Amino acid sequence: MTIRVIIVDDQAMVRAGFAALLSAQADIDVVGEAADGRAGVAVARSTRPDVVLMDVRMPELDGLAAAREVLSPPPGVVHRPRVLMLTTFDVDDYVYEALRAGASGFLLKDAPPADLIAAVRIVAAGEALLAPSVTRRLIADFAASRPAPRRDRSLRLNGLTPRETEVLELIARGLSNQEIAGRLVLAEQTVKTHIGRVLAKLDLRDRAQAVVFAYESGLVTPGEV
């Protein structure tokens with residue numbers, strides 16, 4: 001099945017480059033572009049893409065606000081695409097808020113072309129894109145300036161088994177499935193099963209929301225590695 005993508009970025013050269021790269025893939029079709037967040041929301045509504053590549057900083061409506069509108073559509077709008085934030089390290093505080101709003105992950109704008117293509121496919125498949133190395137560097141920094149743990153979320157942790165709690169904590173610390181398997185001496189498939197149960201029990205959509213939940217519940221302390 002062809003993956004329908006729109007690109008929302010205020011830099012024309014970035015849009016053109018990403019569009020050329022993605023359109024060259026047999027399974028990806030770029031169905032729209034926009035130069036600001038407001039137009040991006042409109043294009044997302046009209047083209048009904050599977051994935052929205054959304055820049056963080058844009059005129060009219062920034063990427064965070066645009067992502068919120070796309071991911072929380074008004075009554076009557078059923079379609080909800082996956083949103084992949086495009087960012088650089090100096091604006092990453094916005095990305096934390098985007099993950100809270102339901103974005104499926106983020107990608108550095110200077111990532112290799114192969115990473116962009118893989119990211120679109122990963123997000124379209126319903127997975128979250130949280131590279132462990134990026135997670136370690138960013139998420140803890142975002143959480144460090146957030147309010148105290150939310151009691152409603154900490155109580156929901158009680159529904160997890162000790163092993164599931166361990167797995168959630170390691171996800172939030174930025175470990176990959178393979179690294180979690182090695183740390184807990186488990187098969188990688190077993191780790192995937194635990195992650196699936198964690199998401200189901202906590203009513204979370206993907207790994208990105210699991211990371212945010214772990215910090216907001218107080219399971220993981222900001223700044224810890």
Side-chain angles (χ1 to χ4, degrees), residues 3-10 15 18 30-87 91-107 109 119-130 134-135 138-139 142-143 145-147 149-156 168 171-172 195-196 198-217:
I3 302 168
R4 295 167 56 82
V5 177
I6 68 169
I7 302 166
V8 185
D9 193 296
D10 62 337
R15 295 198 309 277
F18 283 3
V30 177
V31 297
E33 299 179 19
D36 63 70
R38 181 67 63 197
V41 173
V43 172
R45 296 272 192 268
S46 63
T47 61
R48 298 169 61 88
D50 300 302
V51 177
V52 177
L53 294 179
M54 182 82 74
D55 188 22
V56 172
R57 284 188 173 176
M58 292 182 292
E60 297 296 327
L61 192 69
D62 67 33
L64 172 58
R68 282 178 175 151
E69 289 197 22
V70 168
L71 293 166
S72 299
V77 178
V78 184
H79 182 68
R80 184 186 298 181
R82 297 276 174 167
V83 174
L84 180 61
M85 304 301 297
L86 300 170
T87 185
V91 293
D92 284 333
D93 189 52
Y94 288 99
V95 179
Y96 178 86
E97 295 298 338
L99 293 177
R100 293 188 68 197
S104 293
F106 49 89
L107 184 73
K109 293 182 75 172
V120 168
R121 290 172 176 153
I122 288 169
V123 170
E127 299 293 330
L129 186 76
L130 280 178
V134 178
T135 301
L138 302 180
I139 299 294
F142 304 154
S145 61
R146 303 297 149 188
R150 291 167 49 180
R151 181 171 173 76
D152 62 324
R153 297 207 162 192
S154 60
L155 289 174
R156 285 166 63 190
L168 176 58
I171 289 173
I195 292 174
V198 168
L199 297 180
K201 287 184 177 182
L202 298 177
D203 193 26
L204 303 174
R205 190 169 68 172
D206 53 33
R207 196 184 192 99
Q209 291 191 336
V211 171
V212 173
F213 183 96
Y215 277 97
E216 292 190 336
S217 67

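Heavy-atom basis, side chains included; hydrogens, waters and symmetry copies ignored. Computed from a predicted model, the values in this text were never measured in an experiment.
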- Message: Taking Pro49's backbone N and O only, do any of them form a donor-acceptor pair with His79's side chain (distance below 3.5 Å, no angle check)?
- Response: yes
Taking all heavy atoms of [X] and all of [Y], pick out the closest pair and write down the distance.
X	Y	answer
Leu71	Ala103	CD1-N, 3.4 Å
Ala119	Leu84	CB-CD2, 3.7 Å
Ala34	Ala39	CB-C, 3.7 Å
Val70	Ala44	CG2-CB, 4.1 Å
Leu64	Met85	N-CE, 4.3 Å
Val211	Ala172	CG2-CA, 4.2 Å

Is any side-chain heavy atom of [Y] closer than 4.5 Å to one of [X]?
X	Y	answer
Arg82	Val52	no
Val5	Asp50	no
Val30	Ile7	yes
Arg121	Val51	no
Val83	Ser104	no
Met54	Leu86	no

- Query: Are the charged groups of Arg57 and Asp10 less than 4.0 angstrom apart, N to O?
  - Reply: no
To the closest 0.5 Å, what do you measure between [atom1] ([X]) and [atom2] ([Y])?
X	Y	atom1	atom2	answer
Glu33	Leu53	CD	CG	10.5 Å
Ile6	Asp9	CD1	CG	12.0 Å
Leu107	Phe18	CG	CZ	7.0 Å
Leu199	Phe213	CG	CZ	11.0 Å
Glu60	Asp36	CD	CG	5.0 Å
Leu168	Leu202	CG	CG	6.5 Å

- Verdict with supporting geometry, Ile171 and Ile195, side-chain contact (heavy atoms from CB on, under 4.5 Å): CA-CA 9 Å; Ile171 289 173; Ile195 292 174; 3.7 Å; yes
- Message: Quick one, Val41 with Leu61, criterion side-chain contact (heavy atoms from CB on, under 4.5 Å). Give me CA distance, side-chain angles, the key distance, then yes/no.
- Response: CA-CA 9 Å; Val41 173; Leu61 192 69; 4.2 Å; yes
- Got a sec, which pairs hit side chain to side chain donor-acceptor pair (under 3.5 Å) with one end in residues 64-75, sequence neighbours left out? Arg38-Glu69
- Query: Do other residues, nucleotides or ligands put more than 12 heavy atoms under 6.0 Å from Arg4 CZ?
  - Reply: yes
